[in-house]
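Read the structure below first, then the notes.
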There are 2 protein chains.
Amino acid sequence: MSIDRRSGCPINLSLEVFGDRWSLIILRDMIFGGRRHFRELLNGSLEGIASNILADRLKRLMELGLLTKADDPSHKQKAIYSLTEMAITLVPIMAQLGAWGRVWLPVTEELSIRAELLEKGGPPLWEQFMDELRHEHLGAPSKTPPGTPTVRQQLRAAYEEVVARKAEAVTT
Amino acid sequence: MSIDRRSGCPINLSLEVFGDRWSLIILRDMIFGGRRHFRELLNGSLEGIASNILADRLKRLMELGLLTKADDPSHKQKAIYSLTEMAITLVPIMAQLGAWGRVWLPVTEELSIRAELLEKGGPPLWEQFMDELRHEHLGAPSKTPPGTPTVRQQLRAAYEEVVARKAEAVTT
DNA sequence: CTATCCGATTGCATTTTGCAATCAGTTGCA
DNA sequence: TGCAACTGATTGCAAAATGCAATCGGATAG
C-alpha cells in the first residue's frame, strides 16, 4: 500500500498519510498512552475503534513506514508495535493540534490538561519527549539526565491531579 | 451540523473537524492561495475536488465556525468566503504539517518551497502571516509596517524562483 | 480440561466519496 | 435582443470506506 499522490504538496501528502478518522488516534495512543499491543489499542481507546479498522490501519501505518511490528518475547501470540522516527517526529504536530483544539473545541478538562502541559513546555519539552520515545521504541540511548521525571510521567501526574481535584469537588 | 464528539480529547476533536481528505485542502487554498470563490477553489485546487464535495465542505466549515460567506458586491451571484479567527489560527498546524511532509514524503520542489520558507521563518513569520490574514478576511488593521513585503508575496516569489530555475535547467 | 486471552478476519448494513451531468439565474458581448 | 460563458451549487448513481457483531485458530493460565 502506498499513498495516492494526488499532488506533491507537503500538506496534501501529509493528509494522505493521516487524513482519516483513525490513524492519528492510534498514533496518539501509542505516543501519549504508551500502548504497544493490539488489545491495548482496541480496548484502551476512548473513541472505540473497531477491530477490523484497527487491523487495517496498523497494517497501513506499517506499510507507510510509521510503525514496525515485532514478536513479544513474553508471549508467542503477542505482537508489539513500535514507532519509527517518522512517527516520533509527529510530536510537534500533535502538540499544535492539541493546542488548537483546546482553544476552539469543547474539550474536557481531564483530557486537555496534557495538551496544556505540552503547549507550556514548548519545543524543548517536545524534544525531550521525542528523545524518550526514541529510547522506548528504537532502543536509542537516552540523553536526558537520570533522575529527571519523564514527560509521560509528567503528563500522567497532571492528569491524575485533575481527576483527583474533580473527585474532591464532588464530595465537598 | 456539529461534530460527533466521540471524546473530549483535543486531538480527537481537532480530527473530527478536519480529519478528512478535503477540509484542510480547502483551507490551505484559502490561506496560502488566497482563493475566496467557489470556482477558484473548484478549478484552482491541484487535487481536483468534486463540486458536490466542495459545496458540502464549505457548508460544513461554515457550520463549524471556520468560514463565513458574504455576497460579492461586484456580482450578484458571486459569494465570497472568509476565514474566521478559528481558521486563521490553523497556520501553525499547516506549517508543522508542511515541515513534516517535506521531510518524510515525496513532495515536489515547487510545492514544498513554501513549506520550507514557512519553516525557516518560524513562529514570528507565522504571526505576521496571521496578521495579514486578519487584515484580508476580518478587516482588522494591519500591524506590519508599510513597505514590508507580505508573506504571501514572499511565498509567491519563492515559488516563481524555483519554477524559473527549473525551466532554465531544462533549456541549458 | 477449560476458560480466557491473542491478533486478527468475515459478512453485512450503512455511510461517505467520486464522478458526470445538470440546474436556474447572471453577466458580458455582439 | 440573443446567446454563450460563467455563477454557486444539486442530482443520480456507482464505488469505496466505515461500523458493528460474530467468529477464527492458536496460546496461555489455573
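These values consider heavy atoms only, across backbone and side chains, with no hydrogens, waters or symmetry-generated copies. In what follows, every chain begins at residue 1, and chains take the letters A, B, ... in the order their sequences are listed.
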Criterion side chain to side chain contact (heavy atoms under 4.5 Å, CB included) on B:Arg114 and B:Leu117, from CA distance to verdict: CA-CA 5 Å; B:Arg114 311 180 208 209; B:Leu117 199 147; 5.7 Å; no

Residue pair B:Arg134, B:Ile88: steps toward the side chain to side chain contact (heavy atoms under 4.5 Å, CB included) verdict: CA-CA 7 Å; B:Arg134 285 183 194 106; B:Ile88 291 170; 3.9 Å; yes

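The salt bridge (Lys or Arg N to Asp or Glu O under 4.0 Å) contacts involving residues 145-154 of chain B comprise B:Glu136-B:Arg152, where partners must be two or more places apart or lie in separate chains.
In the set D:dG8, D:dT10, C:dA8, the nucleotide with an atom closest to the side chain of A:Tyr81 is C:dA8. Checking D:dC20, D:dT18, D:dG12 against every side-chain atom of A:Ile53, the shortest atom distance belongs to D:dT18. Closest to the A:Ala50 side chain, of the nucleotides C:dT9, C:dT17, D:dC20, is D:dC20.
The side chain to side chain contact (heavy atoms under 4.5 Å, CB included) search around B:Ala157 returns none, not counting sequence neighbours. A:Glu160 pairs by the salt bridge (Lys or Arg N to Asp or Glu O under 4.0 Å) definition with A:Arg156, not counting sequence neighbours. Residues forming a side chain to side chain donor-acceptor pair (under 3.5 Å) with B:Asp29 (at least two apart in sequence, or on another chain): none. In this view, B:Glu161 and B:Arg165 satisfy the side chain to side chain contact (heavy atoms under 4.5 Å, CB included) rule, not counting sequence neighbours. By the side chain to side chain donor-acceptor pair (under 3.5 Å) test, B:Thr144 pairs with B:Ser142, sequence neighbours left out. Every residue meeting the salt bridge (Lys or Arg N to Asp or Glu O under 4.0 Å) condition with A:Glu116, not counting sequence neighbours, appears here in chain and number order: A:Arg102, A:Lys120. Not counting sequence neighbours, B:Pro146 has no partner by the side chain to side chain contact (heavy atoms under 4.5 Å, CB included) test.
Mapped onto DNA chain C by nearest heavy atom, A:Ala79 and A:Arg6 fall at different nucleotides, with A:Ala79 at the one closer to the 5' end. Place B:Arg57 and A:Leu58 on DNA chain C by their nearest nucleotides, and A:Leu58 ends up nearer the 5' end.
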Less than 3.5 Å apart, which donor and acceptor atoms pair up between the side chains of residues 17-28 of chain B and the rest of the protein, not counting sequence neighbours?
unit_1, atom_1, unit_2, atom_2, d
B:Asp20, OD1, B:Ser23, OG, 2.6
B:Asp20, OD2, B:Trp22, N, 2.8
B:Asp20, OD2, B:Ser23, N, 3.2
B:Asp20, OD2, B:Arg57, NE, 3.1
B:Arg28, NH1, B:Glu47, OE2, 3.0
B:Arg28, NH2, B:Glu47, OE1, 2.8
B:Arg28, NH2, B:Glu47, OE2, 3.4

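Computed from coordinates, the A:Asn52 CG to D:dA16 C1' distance equals 14 Å when rounded to whole Å. Rounded to whole Å, the distance from CG on B:Leu54 to P on D:dG8 is 9 Å. Distance CD1 (B:Ile49) to P (D:dT10): 14 Å, rounded to an integer number of Å. The distance from atom NZ of B:Lys78 to atom P of D:dA9 is 13 Å, rounded to the nearest whole Å. In this entry the distance linking CG of B:Leu61 with P of D:dG8 reads 16 Å, nearest Å. Between B:Lys59 atom NZ and C:dT16 atom P the separation is 12 Å, expressed in whole Å. Atom P of nucleotide C:dC5 and atom CD1 of A:Ile80 are separated by 20 Å, given to the nearest angstrom. Separating the CG atom of A:Asp56 from the P atom of C:dG7 is a distance of 17 Å, rounded to the nearest angstrom.
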Base versus backbone protein contacts along nucleotides 25-30 of chain C [heavy-atom cut-off under 4.0 Å; B, S, -]: BSS---

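Listed by residue number, there are no residues of residues 15-25 of chain B with a heavy-atom contact under 4.0 Å to DNA chain D. The stretch residues 30-48 of chain B touches DNA chain D through B:His37, B:Phe38, B:Arg39, each having a heavy atom under 4.0 angstrom from the strand.
Between B:Lys69 and D:dA9 there is a side-chain N or O to OP1 or OP2 distance below 4.0 Å.
Residues A:Phe32 and A:Tyr159 place their aromatic rings such that the two centres sit no closer than 6.0 Å.
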